[in-house]
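Just so it is clear: chains get the letters A, B, ... in the order the sequence lines come, proteins before strands, and each one is counted from 1.
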Amino acid sequence: MSVIVVLLAASISIAAVFLGAFIWSVKKGQYDDEKSPPMRMLFDDKPPVNNQYMQKTETGNAAEVCDA
Amino acid sequence: MQHTTPVQTTTCFHCGENCNGTVITAWDKPFCCEGCKMVYEILNQAGLCDYYNLSENPGISRKIRVRADKFAFLDEDKIAASLISFRDADQTHITFYIPQIHCSSCLWLLENLHRINPGIVSGRVQFERKEVTVVFNHNRVSLREVAELLNSVGYEPHISLQQMQQKPRSVNRSLLYKLGVAGFCFSNIMLLSFPEYFGITDSEAILQPVFRWLNLALGLPVFLYAATEFYTSAWKSLQHKFLNIDAPIVLAIFITFGRSVYEIFSGTGAGYIDSMSGIVFFMLLGRVLQNKTYSHLNFERDYTAYFPVAVAVISNKQEHFVSLPDIKLNDTLLIHNNEIIPADGIVTRGNAIIDYSFVTGESTPVEKQMGEIVYAGGRQTGGNIEVLVIKEVSQGYLTGLWNRAGLKTARDDSEKSFVHALSRWFTWIVFAVAFSAALFWTLKDQSVVWNAVTAVLIVACPCALLLSNTFTNGNILRILGRNSFYLRNAATIEALAKANFIVFDKTGTLTDTASLTARYEGVALDNEQRCMIASVVAQSTHPLSRAILAYTGEQHAVMPVHFFKSWEGSGIEGTVQGNRLHIGSYAFIRHIVLVDDTDTTGVYVAINNTLLGKFRIEQQYRTGLEQLISYFKKRYSLAVLSGDNAKEKGYLQQLFGQQAALHFNQSPEEKLQMIKSLQHKGNSIVMIGDGLNDAGALLQADAGIAVTDNCNNFTPACDGILEAGALPRLDRFIRLSKANGRIVIAAFFVSIIYNIIGLCFAVSGMLSPLVAAILMPASSLSILLVTYGSSNLIAAWLGLKGGKAGA
């Protein structure tokens, strides 16, 4: 019996943590804009380069960058 | 296809547009104009060429130049202060609306502005709303410079009067919180109810009250918080002496909760907390789906979104910028080419050629001499003019149309919906059943009366109707949205379905303002003349030049043009192979050669000071109209309300049939009155328009739909925004809307079967929590299946894109 009580407490508190996470994410505005974050996460953060025909960078596709 | 000239296939590296005739090559890349090349240079210098890698030809055409000091008004502190959202010792935050944002490249570039100008701290794009919030260090860069930087890379911010008056957007997220809480409680209650459903062994009987009390504790947030959505709506409707669908639902929630509390306290049963929280969860879900509208579209725009935020005022021969609300009588305004006149006034200097097409629907610009009155809302298409203000901005002819009290009140269509009427019938039937059950048990076994009556009321709440309604509406809204038809709310679906009268505007709705066709009248052109004319007009981006170029054929624009000159709003000239060409308006050509013409509209052509003839310019009707109208002709009464003159009457009468009423030269006020009088005759009206001149009529109509070539352009306040490309499918949209009501009722009847089963248990006083707990989700799920399945099926049958297919 005591096991069930422990399990109950555990399951409800875990679910409560998820509820808290959900409320937090809504509050942070994560559901306000559903389009830009999926695009944003695909951008590579590269150091700014000042030359157009830039030296080959580590990604190897730098040449395409300006010859798309 | 002609392959003789390679220019035909060359597209601009920056914007992807066809480089007609002139290709500028730089860094081995073709550009269509200097503007595009310049953007490339800026990005190249800053090492931001990734821009071109993320999407193909992401740029925005720069053929139409922006005036150099267009953003000078941002230097005025007072105007700037009204636009910025936050400012401290060294940082300023401002949000710009940039309609050009369209792809991931745009997003990337706008968030990397700091690499072009280090004074900018960061940029953050809100893609759906097409806004960018820029944080910059105002000690290093001014607001004007930020706006000019955006403009220089092709993202000209649109700064309107509305932005100045707008309060910061407050997002209402309470429905999401409620949904989350209800979901949490519902799932845990279901879990905790399993022992109740399947029985509990005697050795563990001591646990039973623990489960029940926990259920009650979890049911409290649902009852006290999540369900408040329905309490407020029901309370509001009662205050209006109107019984909406939420009222019986609230009654059922109260009874269910009350009975559950009683059972748990008295230890006689487990109550129906599980069913109650489940139904609240599903109903909230339906509401969230239905209310998920298009945040990036604005259905409430008025003239302030169309007017600029500031205008140049001349006082003591000095030009300075004044924000629009501060313009006073007798101020002298300086209006540049392509700017909107913000207040009614008298022209005091310059040649005014005002394009009123958006305000009145007139298709050709009007010429105004000095001393004549010009109305607010017109767009100057000639050179600079000066205007003496005779009426303040808020009292202009155009703005007056909005300030009418009747139009300002937002209509609440939701009360008209048929579901409320249906729910009332349903409620009466349920009451009757409950009453007869009570009567029956009073005679037979008094101890069961209370039990049976409450059970009937619990089972028979019209939540199934609410569910089928919200789920169907939500899905239909989504299907329409995927097909470029965006409705403001679910009530519009019903208004569309009920309509029996469709009214069209002409200019910009039936016709496409952007695509003009030219027809030549005069001395027949030989091939050489044709080539000369084509070559000269190819130099200009004016829509009229484009139309003439299309008439003469782009492939003829091959001769080099020298001494090209463009006179704003009147004409162009250029020399081709030693021949001087003048192409322009009647007034323009009269300076060159003596013309005598009674009808002075059109574009005249003279070569070497000899008049050849003129091009008549006509607006083209949108494609696919014949089919659409012929469908409507058989089923609806039709009318056309045009602000333009009656020159197209013959064609329109033939298109719309003899029964259709065609009205021309209609003022915005007359359009509104016409809709009103049609409504008085008992008609339910769909108005389809586009400009400010239709705004009153759009608001008055039962469903006002604004047609736009680009849904981020200005559209007047309306119930739905329709992209022009989707106009030919309007008949299918209306048929889908009609199906909406039938789907709701079908889903409702499916759920009634469950209700009847439940009622059989209930009246016999044997509704066990298990039965209730199975019936409730089963009923909800079948509603979901019926509504989604059938609305998608009907959409597919109509040839529309479905609502569920992956984005």
Side-chain angles (χ1 to χ4, degrees), chain A, chain B residues 13 27-29 40-41 43-58 101 103-108 111-112 114-116 124-129 131 169 171 173-174 176-177 179-181 183-185 187-188 191-192 195 203-204 206-207 210-211 214 217-218 295-296 807:
Chain A
M1 174 208 143
S2 58
V3 166
I4 288 182
V5 175
V6 172
L7 279 177
L8 269 183
S11 77
I12 290 180
S13 43
I14 289 173
V17 168
F18 280 104
L19 176 67
F22 173 76
I23 289 174
W24 173 81
S25 69
V26 174
K27 204 168 239 161
K28 283 278 166 192
Q30 290 191 11
Y31 292 87
D32 294 355
D33 182 8
E34 293 165 11
K35 267 202 172 154
S36 13
M39 289 185 193
R40 206 172 278 137
M41 66 179 278
L42 294 175
F43 302 146
D44 309 326
D45 292 321
K46 277 191 210 156
V49 213
N50 285 318
N51 188 343
Q52 181 236 331
Y53 287 120
M54 55 193 98
Q55 54 280 45
K56 280 240 172 199
T57 52
E58 65 293 340
T59 50
N61 57 8
E64 304 169 9
V65 167
C66 284
D67 296 322
Chain B
F13 180 69
W27 290 283
D28 303 331
K29 294 180 180 53
Y40 178 80
E41 279 170 2
L43 298 185
N44 190 17
Q45 233 171 20
L48 290 172
C49 277
D50 263 353
Y51 180 64
Y52 297 101
N53 205 21
L54 293 165
S55 335
E56 208 163 304
N57 308 118
I101 296 177
C103 65
S104 51
S105 283
C106 305
L107 183 107
W108 182 80
E111 297 195 347
N112 278 291
H114 56 273
R115 283 161 68 172
I116 303 178
R124 191 83 175 163
V125 173
Q126 226 287 5
F127 196 85
E128 286 191 322
R129 289 211 291 263
E131 285 174 352
R169 255 177 226 264
V171 204
R173 302 183 182 128
S174 68
L176 276 180
Y177 292 135
L179 182 70
V181 169
F184 163 78
C185 295
S187 49
N188 280 297
L191 204 67
L192 293 174
S203 60
E204 285 166 331
I206 194 158
L207 273 177
V210 176
F211 288 129
L214 264 177
L218 283 168
S295 58
H296 59 292

Could you report the tightest heavy-atom contact between B:Phe211 and A:Leu8, atom names first, then the distance? CE2-CD1, 3.7 Å
Closest approach of A:Lys27 to B:Arg173 (non-hydrogen atoms, all atoms of both residues):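 Shortest heavy-atom contact: O-NH1, 3.2 Å.
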CG on B:Leu176 to OG on A:Ser25, rounded to 0.5 Å: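 If we round to the nearest 0.5 Å, A:Ser25:OG and B:Leu176:CG are 8.5 Å apart.
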How far does CG of B:Leu218 sit from CD1 of A:Ile12, to the nearest 0.5 angstrom? 5.0 Å
side-chain contact (heavy atoms from CB on, under 4.5 Å) between A:Val5 and B:Val210, intermediate numbers included: CA-CA 9 Å; A:Val5 175; B:Val210 176; 5.5 Å; no
Under the criterion side-chain contact (heavy atoms from CB on, under 4.5 Å), I'd like the reasoning laid out for B:Leu179 against A:Phe22: C-alpha separation, chi angles, the key distance, then a yes or no. CA-CA 10 Å; B:Leu179 182 70; A:Phe22 173 76; 5.6 Å; no
Heavy-atom contact with chain B under 4.5 Å, split by part of A:Leu19: side chain
